[in-house]
Structure formats: C-alpha cells, structure tokens
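What follows is one structure encoded as structure tokens, with my remarks underneath.
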Amino acid sequence: MAKEKPISSTTKRSYWRWSKTDFFPETSFQTLSSYKTALSQTCPRLSDRLLARSSSTDELVTLQKVSENPMQKCLTWWDLIWLGFGSVVGSGIFVITGQEAHNNAGPAIVLSYAISGLSALLSVFCYTEFAAEIPVAGGSFSYLRVELGDFVAFIAAGNILLEALVGAAGLGRSWSSYFASMIKNDSDFLRIKVDSLPVGFNLLDPLAVVVLLVANGIAMSGTKRTSWLNWIASLVSGAVIVFVIVFGFIHAKTSNLEPFFPYGIEGVFRAAAVVYWSYTGFDMVANMAEETKKPSRDIPIGLVGSMSGITVVYCLMALALTMMVKYTEIDVNAAYSVVFEQIGMNWAKYLVSICALKGMTTSLLVGSLGQARYTTQIARAHMIPPFFALIHPKTGTPVYATLLVTLISAIVALFSSLDVLSSVLSFSTLFIFMLIAVALLVRRYYVKDVTPKNDLVKFLICLFITIGSSIGVSALWNSNERGWLGYTTAGLLWFFGTLGMAFLSKQRVPKVWGVPLVPWLPSLSIVMNLFLIGSLGLTAILRFIICSAVMIVYYLLVGLHATYDVAHQNELSA
C-alpha cells in the first residue's frame, strides 16, 4: 500500500486549539449583550432562515474553507464497494435478525429483509443523483440544505447525529454481546447490572466503550488506511457469510418454517421497520464523496452495486437462520453464534462469533469515517460550533468531529440496551431517507427564479397529496383497519398525486447521473419509508418527537443565530 502523503496546512494557526472564538466566532455570541440582542430578534431571523436554501457552490467551495485543510481524494470505486460492504454487513444481519425473528416476524423475517431492501434500494437511487452532482462530506445534510432549506436541513442534521450516535452505540453493545457469548453462553456476561437504573438502561457495558474508542482511533489516523483495513476484514466477513448460508441450508429443516407468519403480516412490517437498520450503512458511501477521485462514476457504482448484492445476501442469511432452529429458540443478542451450538456444531459457534465480530468491527470503522464527515459538514454550516469542522493537516481527517461522536456514543453504549437503540435509529434513518426522496422531487421540478409560479403551485399540491396519502396508508395500517375502501382511497390519491407530477415539466436535467422513472421511484420511496415509520409503533414516534423538540430548542437558542450571522456575513463579503 502506498504511503499517504501529508497534506500541507493552509494556515499557520495550530490545529490543537480550543478558544471561545473557535467554538463561537459569530457576532451574536461575542458578548452577553450581543446574544441578548440576537435572542430578541429570534422571530425575524427565523423568518429569514426558515426556507433559505444553500447552493451547490456554497456546499462544494465556500463551506470547505471553514475546515482550513482539505480532505484527501484517495478513494476509488473499488474502495467504495468494499466500504459499502464493510459498513452494511455486520451492522444489521449479525445484530437485529435474531431479535426480530424471535419477537416480531418469525420465519417471515426473510420477507422483512426483502421489504426493507426494496425501500433501501429506492433510497439508494435518490442518493446517487445527489452524490454525483454534490460530492461533499455532508451527504444528506447538504442535499437537504440545498433543496429544502436551512430549517429542514437542521432537523435532518439533528437526526443524522442521532443516527450516528445510536448506530455506533448499538454496534458497540452488539460487539460486546458476541464476545461474551464466546466466553460463556450468556451475552450479558461482561456487563455490570445496576438495579437502581430503569430496565433497558441498567446493564453497563464497559467493553462496548473500549471497542468504540479503538475503532474511532483507527478512523482518525487516515481514510485510505482505514479503507485498506476494512477491505481485509471484509474478506473474512464474506467467508463467514458463505459458511453460514451453505451450512445453514445443509442443516435446514423445513418444519422450522412453520408457522411462517406466527405474528401475522403486522409482525413482518414491524420487523421490516427495525431491520432497516441493517441497510443504513449505504449512506456512508455517499458520505465519502469528498474523498472520492471520480465521484460521478464511482458513487453510483459503489451504492447501487453493493446494495443490490447485500439485499440478496441478507435474505439468504435470514432464511438460513430460521431454517436451522425454531424461531422461538433463537438467541436475541447473538443469534448466529448460538444457533450453531444448538445444532451441535460447537466449533462453528466460535468461528461465526469471531467473524461476526470482524463484521461489526468493519461497520464501526466505516461508520466512524462517515459519521465524522456528517458532523464536519454540519459544523462547516455553523449549526454546531465550526471547531468540529477542522481537518487535521497531516491525516486529512476531521479529528475533533470524530472525537465528538466517539465520546457521546461511548456514553450511550455504556447504558442503553440494543432494543432501545434500534427503534430510535430506524426512525431517524427512515425519516431522513423520506426527506431525501422529497428533496429529489423538488430538485427536478423547482428551480428558484426559473419555475413558473403556476407550475410551482401545481407541484406543491401534487407533492402534498402524495405525502398525505402515504401518511394515510400508514395510519390505516396501524389503526388495524383492514377494509379495502380506506386503502383504495389512499392508494388512488397517491397514484393521482404522482401522476400529476409526471405531467409537469421538469425544471432541471441531471448533469451526470439521474434517477430513472421520476417521479414514480421517489414517490414510491416516500410511501414505503412513511409506512415503515408507522410500523415502528407509538413509543419510537414519541422518542423521535422528544428528540426533535430538544433539537428545535437548540436551534432557536444557538443554531439559528449562528447560521443567520454567517449567511449575512457572506452576503456582505459577496
């Protein structure tokens, strides 16, 4: 492997600094008096920033100057395919499958993976067009900021950070479960129980904390180095997948598939909403666009190619698991290692556990890369302190952003159980993917100062009908309404809303790579993501609302004023 060349610094200031102006350089935070003045102007500032949209030039050029040093363009399509494989495989199939097969879907978990895979693939198509034309580290945050405006982008940014923290914490807990099951047939063996804490938060996991610190430390050392380590570890993960599928079907019993729908079709969709976590790693590939040599070619290959194959692999692995052992006997924390012990292959238990640990380790490595780059772009926009946007001059990595994600996720991993984490993560992910589909439709049908007002009104009406009917389908399903009239009405509204958009003139043609069958594919992505969101249940929705409320409070007190100052400062300098 060629040695990475250090990036020369573009500033004489030391990277290791942490003064007040590094965290809050904006005018509103210079003094207590200036901050009070800013707070008194909250309403007009909110009106100014609510629908304010960024531009591709700002995201690609202006914001990157905040980092002071550039990231290295060192990745090819080959790296991206393996980064996609390493990020996705291990972050779900070894973590959530056992839990959802046992508790919600039974043998029909294979259908849950197929449904989630289709929804994820639709989201992949939406991501590829944005990533090819706006190749920045911010991923979905930048795409939404360009098309839907600052406020929506902030809500997405908060959920992106929530996804990053919860996803890393969940993987750390799962890593600990598998390691413990190798030592003793008890996935909680290495955890410390504290009776005074509520259930779900009372099993402290110090090993998960250590794993997170090590993985993120490697990610900080260099992107190409992390990619190379991921490639080696992913080969091992690939070998265990072949092993599980082959030996799983050799020891399969069709009787274990009966009953196929023990929890009904409702259980299949509940599980589908949660196992969507298994596919969330693909957005990490889009997030590496700023470090990709030819993003217009490499991003579509990396995203579509890896996700198509992974969906098939997931379905085969889920089917193999439920055919090897009755769904009621599946271990919810370390399913694949324990199942081989249950069929008498004790040696295989250790092989699967070791390889599953490697799979989850690569997910942590790639996740560390992507999560830090999300945080970097959010900091570049001043929605969180720009201190976290600084790129280290030698490693070319966002060290401060990585440390921020690492420390918070380590605290979450120490306390929170896997089932609590997975439902929060899935909601955030599905919400963001739905917004990306909406943003793609806006990108195609609305260009500021170009789109005629009448066309804009028609487009907005069609879009609201499409979203409203999608919410209606989800609401009907979760109200246990199974009559044909409601679904037919909602389905027809969705169809005619999408058809109305199809008859409108598109205002923008993709320059590099475009999603096919617009508006049908993005519209289908909207309805599937909203349906899966509804399937998560009331508890997950309430958690999401509470988290979003906290984000909005932060935005009104800090983020709004920082972005307002930066926007008007840029206008004056322009």
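For F29 and Y35, the ring centers are positioned less than 6.0 Å apart.
Side-chain contact, R45 with T563: no donor N or O sits under 3.5 Å from an acceptor N or O. Using a 3.5 Å distance cut-off with no hydrogens or angles, the side chains of T31 and S33 do not pair a donor with an acceptor. For the 3.5 Å distance criterion, the side chains of N230 and S227 fail to qualify, holding no donor opposite an acceptor. Judged purely by distance below 3.5 Å, without hydrogens or angles, the side chains of S119 and N529 pair a donor atom with an acceptor atom. No hydrogens or angles considered: nothing links the side chains of W513 and S296 as a donor-acceptor pair under 3.5 Å. Under 3.5 Å, the side chains of T27 and D565 contain no donor-acceptor pair of N or O atoms.
Summarising the local packing, NZ of K73 is surrounded by more than 12 heavy atoms from other residues, nucleotides or ligands at distances under 6.0 Å. The number of heavy atoms from other shown groups lying within 6.0 Å of CZ (F179) does not exceed 12.
For the pair Q72/T395, no side-chain contact is recorded, criterion being any heavy-atom separation below 4.5 Å from C-beta on. Between D22 and L390, the closest side-chain pair of non-hydrogen atoms is not below 4.5 Å. Looking only at side-chain heavy atoms (C-beta outward), E147 and V152 stay at 4.5 Å or farther from each other. Residues V399 and T397 form a side-chain contact, since some pair of their non-hydrogen atoms from C-beta on lies under 4.5 Å apart. The side-chain heavy atoms of P510 and R444, taken from C-beta on, include a pair separated by under 4.5 Å. Using a 4.5 Å cut-off on side-chain heavy atoms (C-beta onward), S140 and Y127 make contact. The closest side-chain heavy-atom distance from Y554 to V558 is below 4.5 Å. In this structure, the side chains of R173 and L203 come closer than 4.5 Å at one or more pairs of heavy atoms.
In this structure, CG on L530 lies 9.0 Å from CG on L430, to the nearest 0.5 angstrom. Taking CG of L521 as the reference point, atom SG of C126 lies at 7.5 Å (rounded to 0.5 Å).
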Residues F85, W231; criterion ring-ring contact (aromatic ring centres under 6.0 Å, His included); working and verdict: CA-CA 9 Å; F85 183 88; W231 179 73; over 10 Å; no

- request: Please report the C-alpha distance between Y374 and F141 in whole Å, then the side-chain angles of each, then the deciding distance to 0.1 Å, and finally whether the ring-ring contact (aromatic ring centres under 6.0 Å, His included) criterion is met.
  value: CA-CA 7 Å; Y374 269 134; F141 166 71; 8.6 Å; no

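In summary, of the residues considered (R508, R443, K511), a salt bridge (Lys or Arg N to Asp or Glu O under 4.0 Å) with E133 occurs for R443 alone. Among R53, K65, R145, the single residue meeting the salt bridge (Lys or Arg N to Asp or Glu O under 4.0 Å) criterion with E59 is R145.
We find that E290 and R373 are not joined by a salt bridge, their nearest charged nitrogen and carboxylate oxygen being 4.0 Å or further apart.
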